[in-house]
Amino acid sequence: MQTTSLRYFLTVARTGSITAASSQLNVAASAISRQIANLEAELDCVLFERLPRGMALSPAGELLARHAHQVLVRADQVVMEIREIEGLARGRIRVSCSEGFALDIIPTVIAEFHADYPGIRFEVSMLPPAQATQLVAQGDSDIAITFAMSPAEGVDVLYDGTVEMIALAAPDHPLAGAPELALSDMPNYPLALPTRDTTVRLVFDAACQAEGIVVEPVLTANVLSALLPFVRRSRGLALMSALPVQTPLRLNEIVSLPIRSHMPLSRRIQIQSMRGRRLPRSVQTFVSRIRAALPPPLPL
């Protein structure tokens, strides 16, 4: 069994259909179907149950999926070791991260890394925190940089720290230059907040509830980038950490205000890798660059 057929097989298993796998792999559906048919003929079994709304693994398919994943991880490990002979001259780094890191810090570090090691290529997948972790745990990403609300299974933690939330405002906002902002004062201004299913909002809502504060945001968005234009063009405030907006803050396009509250307004940051996997030297070097751009890690 060649790794190509196993990759096609695993992609169909994850996406639930040949059509979805074709789109993800950018490979003709007929080619994927042919590889799966060859696998079933070679193993003399049915790997998928064909359902009205997609394909589900058969018991034999579930067994093969576990084997295929191990084979592909080992194959990637061999490729990594061969490429390490050439040091950091070439290679690929796959990064999964939540939006808070994809807006600024990850692209900035990649640009600096590329200047030193132009032969390294990057693939960045922006996903919700749990999905970013899952991608690493199953070996489809080298590292995840994400916010972690609870311990994750199947990963090693390479960095563990916290970041405080801040309020963002336009440079000409009446509060610009204030030493801090009380949480209880935030409802006095138009607010732009992430949706309730985000880690930012979960922490913020808990702090508001603890102080009996009722908040009715003017703007709610499921992407952080949608909040910034509102802040720049209004007397409003937005809530997030400083990590997604380091460049706008440095250029004084927006200003930040520390928030005083009874409950800590902080979130846990982690850099994660697949449990037990030895990372290529290029990835290790990249991780060290990311760590240097993050707040100091928590004490062990």
Side-chain angles (χ1 to χ4, degrees), residues 97-109 111-112 126 129 145-149 159 161-196 198-208 210-211 213 215-271 289-298:
C97 64
S98 43
E99 187 195 7
F101 301 96
L103 284 177
D104 196 320
I105 189 170
I106 295 300
T108 298
V109 175
E112 294 170 352
M126 189 180 78
I145 303 108
T146 186
F147 295 104
M149 297 293 288
Y159 164 92
T162 61
V163 63
E164 296 293 324
M165 288 185 227
I166 55 174
L168 300 175
D172 59 350
H173 193 281
L175 292 174
E180 64 179 8
L181 170 68
L183 181 68
S184 57
D185 288 336
M186 292 190 70
N188 298 329
Y189 299 90
L191 291 181
L193 299 176
T195 51
R196 293 184 182 275
T198 60
T199 56
V200 172
R201 192 66 185 275
L202 290 172
V203 174
F204 178 73
D205 286 351
C208 288
E211 297 189 31
I213 299 170
V215 174
E216 295 184 5
V218 173
L219 169 63
T220 301
N222 64 349
V223 289
L224 298 178
S225 55
L227 308 181
L228 298 180
F230 174 82
V231 169
R232 292 190 181 104
R233 293 168 175 80
S234 73
R235 286 291 186 264
L237 302 172
L239 179 77
M240 62 181 73
S241 72
L243 293 177
V245 289
Q246 290 184 353
T247 299
L249 286 172
R250 186 174 64 252
L251 298 176
N252 199 39
E253 295 174 356
I254 51 176
V255 297
S256 64
L257 295 163
I259 303 172
R260 185 179 72 253
S261 65
H262 296 167
M263 286 181 59
L265 288 175
S266 60
R267 289 180 295 165
R268 201 79 170 260
I269 308 170
Q270 290 187 345
I271 301 178
R289 298 283 186 98
I290 294 291
R291 287 174 58 98
L294 295 174
L298 294 170

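In this chain, residues are counted from 1 in sequence order.
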Requested in this report: Evaluate the criterion side-chain contact (heavy atoms from CB on, under 4.5 Å) for residue pair Ile254 and Arg232; output intermediate values, then yes/no.
Outcome: CA-CA 7 Å; Ile254 51 176; Arg232 292 190 181 104; 4.0 Å; yes

Query raised in the report: Quick one: does Met165's side chain get under 4.5 Å of Val203's, heavy atoms only?
Result: yes

Report summary line: Smallest heavy-atom separation, Phe147 atom then Gly100 atom, equals CE1-CA, 4.5 Å

Query raised in the report: Do Glu99 side-chain atoms and Leu224 backbone N/O form a donor-acceptor pair below 3.5 Å?
Result: yes

Query raised in the report: Would Gln246 and Thr108 satisfy side-chain contact (heavy atoms from CB on, under 4.5 Å), going step by step from the backbone distance to the final call?
Result: CA-CA 10 Å; Gln246 290 184 353; Thr108 298; over 6 Å; no

Requested in this report: Please identify each residue that fulfils side chain to side chain contact (heavy atoms under 4.5 Å, CB included) with Ala169, with sequence neighbours left out.
Outcome: His173, Leu237, Val255

Query raised in the report: Will you find, in the side chains of Thr195 and Asn222, an N or O donor that is under 3.5 Å from an N or O acceptor?
Result: no

Requested in this report: Answer yes or no: are there more than 12 heavy-atom neighbours, outside Arg289 itself, under 6.0 Å from its atom CZ?
Outcome: yes

Report task. With side-chain contact (heavy atoms from CB on, under 4.5 Å) as the test, would you mind laying out the steps for Glu216 and Leu191 before giving the verdict? Result -> CA-CA 8 Å; Glu216 295 184 5; Leu191 291 181; over 6 Å; no

Query - Charged tip of Arg291 within 45° of Tyr159 ring normal and under 6.0 Å - result: no

Query - Leu168: which of Leu249, Leu239, Leu257, Leu227 passes side-chain contact (heavy atoms from CB on, under 4.5 Å) - result: Leu249

Requested in this report: Return yes if some donor-acceptor pair links the side-chain N/O of Thr198 with the main-chain N/O of Pro194 below 3.5 Å, else return no.
Outcome: no

Report task. Determine yes or no for a side-chain-to-main-chain donor-acceptor pair under 3.5 angstrom, with Glu211 supplying the side chain and His262 the backbone. Result -> yes

Query raised in the report: What residues, two or more places apart in sequence or in another chain, satisfy side-chain hydrogen bond (donor to acceptor under 3.5 Å, both in side chains) together with Gln270?
Result: Gln272

**Report entry** Heavy-atom side-chain contact between Pro174 and Arg235 under 4.5 Å
**Finding:** yes

Query raised in the report: Which heavy atom in Cys97 sits nearest to a heavy atom in Ile106, and how many Å separate them?
Result: SG-CG1, 4.3 Å

Requested in this report: Take Thr199 and Arg267 through the test side chain to side chain donor-acceptor pair (under 3.5 Å) and record every step on the way to the result.
Outcome: CA-CA 8 Å; Thr199 56; Arg267 289 180 295 165; 2.8 Å; yes

Report summary line: Minimal heavy-atom distance between Cys208 and Leu183, with the atoms involved, is N-CD2, 4.0 Å

